[in-house]
Amino acid sequence: MKESEKRTEKKLGWFRETYKKIAESRKKIEVPDGLWTRCTNCSEIIYNKNLEENLRVCPKCGYHFHLRARKRIEITLDANSFVEHDFELSSDNPLDFPGYEEKISASKEITGLNEAAVTGEGKIGGRYIFLGITDFEFIGGSMGSVVGERITCLVEKALKEKVPLVLISGSGGGARMQEGVFSLMQMAKTSAAIAEFKRSGGLYVSLLTHPTMGGVMASFASRGDIILAEPGALLGFAGPRVIKQTIKQHIPQSFQRSESLLSHGMIDLVVNRKEMRPTLIKILNLLLPE
Amino acid sequence: MTEQYEFVLDFEKPIIELEHKIKELKGVTEREGMNLDKEIRSLELRLRKLQKETFLNLSPWRRVQLARHPDRPKTLTLANLIFDEFLLLHGDRFYADDGAMVAGLARLGKEPVIFIGNQKGKSIKENLYRNFGMAHPEGYRKAKRLMSLAEKFSRPIITFVDTPGAYPGIEAEERGQAEAIAANLEKMSWLKVPIIVVIIGEGGSGGALGIGIGNSILMLENAIFSVITPEGCAAILWKNQEKVEEAAKALKLTARNLLELKLIDGIIPEPRGGAHRDVEQTARNIKRVLLKELSRLKKLSPQSLARQRFKKYREMGSFKRG
Ligand SMILES: [Zn+2]
């Protein structure tokens, strides 16, 4: 071995050792799964109990982690006031799309939900509202027939009972691919219901959470009388990957984020998760009769 | 009549070659006075058989290829053949005039209508202006402006859909692509005038839906309507671009599929070989159906037009209870 090669080998050896140590230390931190979470944004290691107590917001940088639908209901509505609607609806596979049933079964297991939308009624600050939520963890929160039907039924009931409507979207998937044009038509169906509800004088508040894209954003999610968003949520029509492929340019980090939509005039407010419930109550109280 | 096809799909090739051969033989007969009738007849027989075999049961992927065929007649080409009067109008009054979306005043037979359509270009140069038929928010807002005009003056709306989708770009997002489409969905759901939608080529997802809600949804025989491109679907599902044919089949995007699923109301036949093989015939076929649909819908009151449309979409969806 030549002298220079020896030096290189020595350096490489040092590098390998160091790398191993780093990898091990990382493993050590990640091992107690379920106890700690590493912040996606700032890499801070957060004790899970603290994270939950902080409504799944990073105490250091304010990053908003995904919040499951049930938890969202819990932190939004008055305690134990939620009554679920249309639970019995479930997806069939209208196109015989390959792997769709398996995908639904797997999503059910992961989320404990039976579809991507949970809808129902409850109280917030003592006032009745109708509430619908789409959960990103269930096939990307995408809208197929069941999501479309649940949202539409909810809007119709809110219209009939003259109760304000709050829809909280977390649908990166947009219209659900596996149901083809049936999914597209849910955009039309929900939009028509929303239009009728608003024309009848109903108040609709749309709350956008990370991520809300495609067919959901291009239908009911962007038609609120008032539109709120959680900080840092990815919101838009086309996904950043598709855009990057099309324009073949670098896309800035801030693009399609809540704050950017706010500055472009597309939404009313960016609201921290902790402030969301009081903000909703304030809006209802200021717009609606006592 | 001599026709030059600039672009030939693989499965069109044998047919077009055979056609050339027949034309050649006919030329020889004329020029040289030779009698080749027997040969010509036998070739014509073979041609008819080949046409039948190729086009009777086109695979979904081949229909996708036909729907995107560069020579396929585009919106304005058809509109100029179909409408008896036509005046294009421009601009959304907020930002720009979108070349990917055309709209204007028109007359179908005796009937004044409002016309809206996605516009693809025929050449690369024209597509720079037409953006390959992919509208920005201003395109949808121009369409919405014309819809309001239709409502104010009680004019039926006819739309031609032919787009790969709404444009996925930075400025389109910043100016509210999703909002623009959603606003049109709301608008179209309750308009009190007849709306007839004809998907003439590609019906690409939300971008197509943005001008695609109507009392009557019609598709040209080889047009497609899909929530995602077969390419996009193949990439997500199989991580493999070679699976586009399977994806096209799985998505049930053909006119025949969608009629069976009751998601559209009718199919307009195309000349054998596809709309591009006889543009004038295609236009006549569309016009005939449009006249029929319009006279049917005109009998409904403004209220019942809105009701009928609303009810039609309200019932769409496939799910079970329990
Ligand atoms: Zn953090």
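Just so it is clear, the structure is predicted and the values come from calculations on it, not from any experiment. Computed over heavy atoms, backbone and side chain alike; hydrogens, waters and symmetry mates excluded. Here is how names work: the chains are called A, B, and so on, in the same order as the sequence lines, proteins then strands, and each is numbered from 1.
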(request) Return yes if a side-chain donor-acceptor contact under 3.5 Å exists between A:Glu137 and A:Thr111, otherwise no. (result) no

(request) Tell me, for B:Leu253 versus chain A, whether the close heavy atoms (under 4.5 Å) come from the side chain, the backbone, both or neither. (result) neither

(message) Hydrogens and angles aside, do A:Ser145 and B:Ser318 bring a side-chain donor and acceptor to less than 3.5 Å of each other?
(response) no

(message) For B:Tyr140 and B:Gln177, which I'm curious about, is there any donor-acceptor pair between the side chains at under 3.5 Å?
(response) no

(message) Is it true that B:Tyr95 and B:Arg175 share a donor-acceptor pair across their side chains at a distance under 3.5 Å?
(response) yes

(request) Could you check which of A:Val242, A:Ile247, A:Val181 has the highest count of heavy-atom pairs closer than 4.5 Å to chain B? (result) A:Val181

(message) Between B:Leu263 and chain A, with a heavy-atom cut-off of 4.5 Å, which part of the residue counts as in contact: side chain, backbone, both or neither?
(response) both

(message) Less than 4.5 Å to any heavy atom of chain A: does that hold for the side chain of B:Phe225, its backbone, both, or neither?
(response) both

(request) Apply side chain to side chain donor-acceptor pair (under 3.5 Å) to the pair A:Ser260 and A:Ser263, showing each step before the final yes or no. (result) CA-CA 5 Å; A:Ser260 156; A:Ser263 73; 4.9 Å; no

(message) Please classify the contact between A:Phe182 and chain B as side chain, backbone, both or neither, with a heavy-atom cut-off of under 4.5 Å.
(response) both

(message) Does any backbone or side-chain atom of B:Arg309 lie under 4.5 Å from a heavy atom of chain A? Answer side chain, backbone, both or neither.
(response) neither

(message) Using a 4.5 angstrom heavy-atom cutoff, name the option from B:Glu179, B:Met316, B:Glu315, B:Arg314 with the most pairs to chain A.
(response) B:Arg314

(request) Kindly indicate, with the supporting measurements, whether the criterion side chain to side chain contact (heavy atoms under 4.5 Å, CB included) is fulfilled by A:Ile168 and A:Thr209. (result) CA-CA 7 Å; A:Ile168 306 177; A:Thr209 71; 3.7 Å; yes

(request) Counting only heavy atoms closer than 4.5 Å, note whether A:Ala193 contacts chain B via side chain, backbone, both or neither. (result) backbone

(request) Please assess A:His85 against A:Phe130 for the test ring-ring contact (aromatic ring centres under 6.0 Å, His included), listing each intermediate value before the final yes or no. (result) CA-CA 10 Å; A:His85 294 173; A:Phe130 280 58; 5.5 Å; yes

(message) Need one label for B:Ala183: side chain, backbone, both or neither, based on atoms under 4.5 Å from any heavy atom in chain A.
(response) both

(message) Testing A:Arg72, A:Arg68, A:His66 one by one against A:Asp135 for a side-chain hydrogen bond (donor to acceptor under 3.5 Å, both in side chains), which residue passes?
(response) A:His66

(message) Only pairs of heavy atoms separated by less than 4.5 Å count here; which of B:Gly210, B:Ala208, B:Ser226, B:Ala182 has the most with chain A?
(response) B:Ala182

(request) Find out whether B:Thr159 and B:Val161 are in side-chain contact, i.e. whether some heavy atom of one side chain is under 4.5 Å from a heavy atom of the other. (result) yes

(request) Name the option with the most non-hydrogen atom pairs under 4.5 Å to chain B; the candidates are A:Gly215, A:Gly148, A:Ser191. (result) A:Ser191

(request) Give, as side chain, backbone, both or neither, the part of A:Met187 having an atom under 4.5 angstrom from any heavy atom of chain B. (result) both

(request) Side chain from CB out, backbone as N, CA, C, O: work out which of these in B:Ile213 comes under 4.5 Å of a heavy atom of chain A, or both, or neither. (result) side chain

(request) Side chain from CB out, backbone as N, CA, C, O: work out which of these in A:Ser91 comes under 4.5 Å of a heavy atom of chain B, or both, or neither. (result) backbone

(request) Give a yes or no answer on whether the side chain of A:Ser258 reaches the backbone of A:Glu230 with a donor-acceptor pair at less than 3.5 Å. (result) yes

(message) Is A:Lys198 close to chain B through its backbone or its side chain, or both, or neither, when contacts mean heavy atoms under 4.5 Å?
(response) side chain

(request) Return the option, out of A:Thr152, A:Asn93, A:Leu235, with the maximum number of heavy-atom pairs under 4.5 Å with chain B. (result) A:Thr152

(request) Any chance you could measure A:Asp268, atom CG, to A:Leu228, atom CG, to the nearest 0.5 Å? (result) 7.0 Å

(message) For chain B, which candidate among A:Lys244, A:Glu149, A:Gln178 shows the most heavy-atom pairs at distances under 4.5 Å?
(response) A:Glu149

(request) For chain A, find which of B:Ser189, B:Ala180, B:Pro168, B:Ala166 contributes the most heavy-atom pairs closer than 4.5 angstrom. (result) B:Pro168

(request) With a 4.5 angstrom heavy-atom cut-off, could you sort out which part of A:Gln245 is near chain B: side chain, backbone, both or neither? (result) neither

(message) Less than 4.0 angstrom from a charged side-chain N to a carboxylate O is my criterion; do B:Arg141 and B:Asp98 meet it?
(response) no

(request) Let me know if B:Leu209 has heavy atoms under 4.5 Å from chain A in its side chain, its backbone, both or neither. (result) side chain

(message) Less than 4.5 Å to any heavy atom of chain A: does that hold for the side chain of B:Ile228, its backbone, both, or neither?
(response) side chain

(request) Among the options B:Lys252, B:Lys320, B:Lys249, B:Arg321, pick out the one with the most heavy-atom pairs lying under 4.5 Å from chain A. (result) B:Lys320

Determine all donor-acceptor pairs shorter than 3.5 Å in which one atom belongs to a side chain in residues 200-207 of chain B; sequence neighbours excluded.
| residue | atom | partner | partner atom | Å |
| --- | --- | --- | --- | --- |
| B:Glu202 | OE1 | B:Lys120 | NZ | 2.8 |
| B:Glu202 | OE2 | B:Arg68 | NE | 3.1 |
| B:Ser205 | OG | B:Val227 | O | 2.8 |

